Each structure stands twice: as C-alpha cells, then as structure tokens.
Student: 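Quick one: the structure is below, questions incoming.
Computed from a predicted model, the values in this text were never measured in an experiment. Every chain is numbered from 1 and lettered A, B, ... according to where its sequence line falls, protein lines coming before strand lines.
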Number of protein chains: 2
Amino acid sequence: MKDLVDFRADILKALAQPTRLKIIDFLRGGERCVCEIFPAISEEQSNTSRHLSMMLSAGVLSRRKDGLKIYYAIKHPEILDVVDMVTLIVKQEISERHKLLKAV
Amino acid sequence: MKDLVDFRADILKALAQPTRLKIIDFLRGGERCVCEIFPAISEEQSNTSRHLSMMLSAGVLSRRKDGLKIYYAIKHPEILDVVDMVTLIVKQEISERHKLLKAV
DNA sequence: GCACTATATGATTATATAGTCATTACATGA
DNA sequence: TCATGTAATGACTATATAATCATATAGTGC
C-alpha cells in the first residue's frame, strides 16, 4: 500500500523531468490543448501525450474535453510555487559554483 | 550543455524518491552523520551513502567531515519549503479522491 | 457511413535508477 | 603498525523511464 511518502515522491517525480518542466512552464499561461502544447515545447505528439497523462495521474494537471480537443491545466497553484522555489535554489547554486570557480 | 531546466529537474529528481524524502525528513532535526541516518530510515549503509552523495552533487545537501564521521545537512532552507508545499498538495489530492469515492 | 482532425496507446529500444553484497579507503587510537 | 569503526565504491541485477514509430480510438461535419 502506498503511503504519504510515496505520494510525495510521485508529485515530485512528475515535476522532475525537463520535458515536463517545459510543459508546466508553458501552462503558466492557462489551460492549453495538446495540439498547442507539443509544438510549443518541440516534442512529438505521442511523447507529449504520455507526459501529460503521467502528470494527470500524479495529480499535477487537470484535463478537460471540448470536442476533439483535450485541454490540460495546472491543477494546484502550489505546483508553480514549488517550481519557482526550485528555480530560486538553482540560482543560488549556480552563483555559488561561479564564486568557487573565480576563487581558483 | 546543461541548461536551467536541466538543473531544475536535477534538484527535483534529488527529492523525488521515497528513501531520499525519508532522509530529508530526518535531517529536519539538523545535521546528522551517516551512522545516524541509515538506521533511522532502516536502509543499508551503502544504499544510504549513494543517496546522500546523489543529493550532495545535486546541491540539496551539504557535507562536513569530523574525524571518522561525515555529517550531512540540508543545504538550503527552501528545500524544506518545497517538500512541505508538496505535502500540502498531496493532502489536497487525497481529500479530493476521498470525496470522489464517497460520492459513488 | 466516410474523410478528417486530435489524442492515446502498443511495441520496442536505449538508458537510468535503486538496491544488494562484497570490498576498499580512510581516520583514529591502542 | 595494527585493529577498529565509519563511509564510499565496484560489480551486478531487476525494474523504471523516455523516446520513437506505427497504429488505434474518438469526435466532427459532410
């Protein structure tokens, strides 16, 4: 049986991949259909579809049908907070490593 | 060449695994040596060591030597904010799925 | 029903990951 | 220097992941 720590890992895993991060970033503008998403991130339709359904089942995205098109959106605003906080950490890391290089 | 999106994925990946989340949770109490960490999370010493060095190189943990012992600590306080925010999301997801079940 | 568009899925491949056991490296103190 | 305690690494296995190509499914309008 899955416990809390596994669910937390699932959410984080759903964010922890470059293609998926690009999708998240693109969806900052609001819900978008698959046909808009995959050209925007320069990935194949099928690959994009897989990443989308992976994030859907992890609880990161929501999905809405409208005729032929399927619209995906970020489900919880906190997802963006998480991603933004990580960007902050990365920037700190990069500036630290930069200083270390200059110190040589 | 690695770009920003890859670094973000690296940080997230370093958090996106149950064993590593257990380590992070244990390190909330402050820095701990490997000999304290692996019994606390009930994992083998070698496996624990691998996860620790993975998180070290991702920039999630810091490391300090003191004689025979190696002390690891959470490097950026924002790491805990990220993990806590994810816990929040998980709780929202769980209560939502619970409601869906009851609705049947 | 048929053609068309949009999305999802099956099969496959290459690569990455987590874990285990055995061994090695390293620091300390007798 | 030798025995001991602590951490890291090599070799290996099983499993998961990301990506691709081809195909299937499903909604729309004729």
Side-chain angles (χ1 to χ4, degrees), chain A residues 1-3 5-27 31-73 75, chain B residues 2-3 5-27 31-75:
Chain A
M1 180 52 183
K2 250 187 194 181
D3 69 348
V5 93
D6 295 305
F7 277 115
R8 291 198 287 161
D10 286 346
I11 299 267
L12 285 160
K13 216 183 297 175
L15 304 175
Q17 208 273 346
T19 304
R20 292 195 289 271
L21 280 177
K22 282 175 203 156
I23 293 174
I24 297 280
D25 283 339
F26 183 62
L27 292 179
E31 68 166 15
R32 296 280 185 271
C33 68
V34 182
C35 59
E36 293 172 299
I37 298 171
F38 79 86
I41 62 168
S42 307
E43 285 291 333
E44 289 215 346
Q45 180 271 321
S46 65
N47 191 31
T48 304
S49 173
R50 279 185 218 281
H51 283 299
L52 288 168
S53 66
M54 188 272 203
M55 289 193 277
L56 177 73
S57 57
V60 164
L61 300 184
S62 60
R63 201 178 102 119
R64 183 175 71 84
K65 276 177 121 160
D66 183 16
L68 263 183
K69 300 194 178 174
I70 310 280
Y71 289 86
Y72 284 91
K75 188 168 181 187
Chain B
K2 249 186 197 183
D3 69 349
V5 93
D6 295 305
F7 276 114
R8 291 197 287 159
D10 286 346
I11 298 267
L12 285 160
K13 215 182 300 177
L15 304 175
Q17 206 273 346
T19 304
R20 292 197 287 273
L21 280 177
K22 284 176 203 157
I23 292 173
I24 298 281
D25 283 339
F26 182 62
L27 291 179
E31 67 166 15
R32 296 281 185 270
C33 68
V34 181
C35 58
E36 294 171 299
I37 299 171
F38 79 85
I41 62 167
S42 307
E43 285 291 334
E44 289 214 347
Q45 180 271 322
S46 65
N47 191 31
T48 304
S49 173
R50 277 184 219 282
H51 284 298
L52 289 168
S53 67
M54 188 272 204
M55 289 193 276
L56 178 72
S57 57
V60 164
L61 300 184
S62 60
R63 203 178 100 119
R64 183 175 71 83
K65 276 179 120 159
D66 184 15
L68 264 183
K69 301 193 179 175
I70 310 281
Y71 289 87
Y72 284 91
I74 293 169
K75 189 168 179 187

Student: Between E44(B) and M54(B), who's closer to the 5' end of DNA chain C by nearest nucleotide?
Tutor: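 Mapping each residue to its closest nucleotide by heavy atoms, the 5'-most match is M54(B).
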Student: So, under a plain 3.5 Å distance rule, would you say the side chain of Q45(B) forms a donor-acceptor pair with the base of dA8(D)?
Tutor: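 Indeed there is one.
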Student: For dA19(D), does OP1 or OP2 lie under 4.0 Å from any side-chain N or O of H51(A)?
Tutor: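 Yes, because at least one side-chain N or O of H51(A) sits under 4.0 Å from OP1 or OP2 of dA19(D).
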Student: I want to check one thing: is the phosphate of dA6(C), taken as OP1 and OP2, less than 4.0 Å away from some side-chain N or O of Y71(A)?
Tutor: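 For dA6(C), neither OP1 nor OP2 has a side-chain N or O of Y71(A) closer than 4.0 Å.
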Student: Less than 4.5 Å apart, any side-chain heavy atom of R20(B) and any of M54(B)?
Tutor: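 Yes; the side chains approach each other to less than 4.5 Å.
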Student: If you pin R20(A) and N47(B) to their nearest nucleotides in DNA chain D, which one's is more 5'?
Tutor: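 First, find each residue's nearest nucleotide; the 5'-ward one identifies N47(B).
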Student: Quick check: do D10(A) and K2(A) have side-chain heavy atoms less than 4.5 Å from each other?
Tutor: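 Yes, close enough: below the 4.5 Å cut-off.
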Student: With a cut-off of less than 4.0 Å, is there a side-chain N or O of R50(A) near OP1 or OP2 of dT7(C)?
Tutor: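 For dT7(C), OP1/OP2 do not have a side-chain N/O of R50(A) under 4.0 Å.
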Student: For S46(A) and dT7(C), is the shortest distance between a side-chain N/O and OP1 or OP2 below 4.0 Å?
Tutor: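 No, outside the criterion.
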Student: It should be established whether Q17(A) places a side-chain nitrogen or oxygen under 4.0 Å from OP1 or OP2 of nucleotide dA19(D).
Tutor: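 Checking Q17(A) against dA19(D): at least one side-chain N or O falls below 4.0 Å of OP1 or OP2.
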Student: For a quick check of understanding: with a heavy-atom distance under 4.0 Å over all strands, which category does S53(B) fall into, base, sugar-phosphate or nothing?
Tutor: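 Here S53(B) touches no strand at all.
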Student: Are any of the side-chain heavy atoms of I24(A) and L61(A) separated by less than 4.5 Å?
Tutor: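 I24(A) vs L61(A): side chains touch.
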